[in-house]
Trainee: 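The structure follows.
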Amino acid sequence: MLDLLGTIAANILSLPGILGFAAGMMTRNLAIAAVVGVLIGAIETMVFAGFSMAAVEPLELVIGICVGAAFAVLGCLVRIRGATV
């Protein structure tokens with residue numbers, strides 16, 4: 001359980017969370033933000049695995065993709081809401 005929570009927290013504080021949020025703030029389209037977040041999460045996992053699919057853990061890849069997409073959509077929503085206030 002701690003391993004799972006640690007992986008989620010590491011992804012939030014690492015590239016999928018930070019870059020996903022920043023990339024989401026660059027667009028007002030939720031679909032584009034989600035796709036960019038997925039790409040960021042997948043690429044970050046591959047970079048830290050040394051571009052070897054044998055070194056990628058499936059759970060870590062799924063968590064990276066989910067965190068990237070969620071934070072990109074969150075960043076998009078911040079941009080949309082901030083533009084109307």
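Note that the structure is predicted; figures quoted are calculated from it, not measured. Numbering of residues begins at 1 and proceeds along the displayed sequence.
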Trainee: Quick one: do Ile12 and Leu74 end up in the same hydrophobic cluster if we chain Ile, Leu, Val, Met, Phe, Trp and Tyr together by side-chain heavy atoms under 4.5 Å apart?
Mentor: yes

Trainee: Please set out all donor-acceptor pairs under 3.5 angstrom arising from side-chain atoms of residues 49-71, sequence neighbours excluded.
Mentor:
| unit_1 | atom_1 | unit_2 | atom_2 | d |
| --- | --- | --- | --- | --- |
| Ser52 | OG | Ala54 | N | 3.4 |

Trainee: Which heavy atom of Pro16 sits nearest to which heavy atom of Ile40, and what is that distance?
Mentor: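 Looking at all heavy atoms of both residues, the shortest contact is CA-CG2, 4.0 Å.
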
Trainee: Hey, what do you get for CG (Leu5) to CG (Leu2), rounding to the nearest 0.5 Å?
Mentor: 6.5 Å

Trainee: Leu19 versus Glu44: any side-chain heavy-atom pair under 4.5 Å?
Mentor: no

Trainee: Mind listing the side-chain donor-acceptor pairs of residues 23-37 below 3.5 Å, one per line with the distance, residues two or more places apart or on another chain?
Mentor:
| unit_1 | atom_1 | unit_2 | atom_2 | d |
| --- | --- | --- | --- | --- |
| Thr27 | OG1 | Asn29 | N | 3.1 |
| Asn29 | OD1 | Ala31 | N | 3.1 |

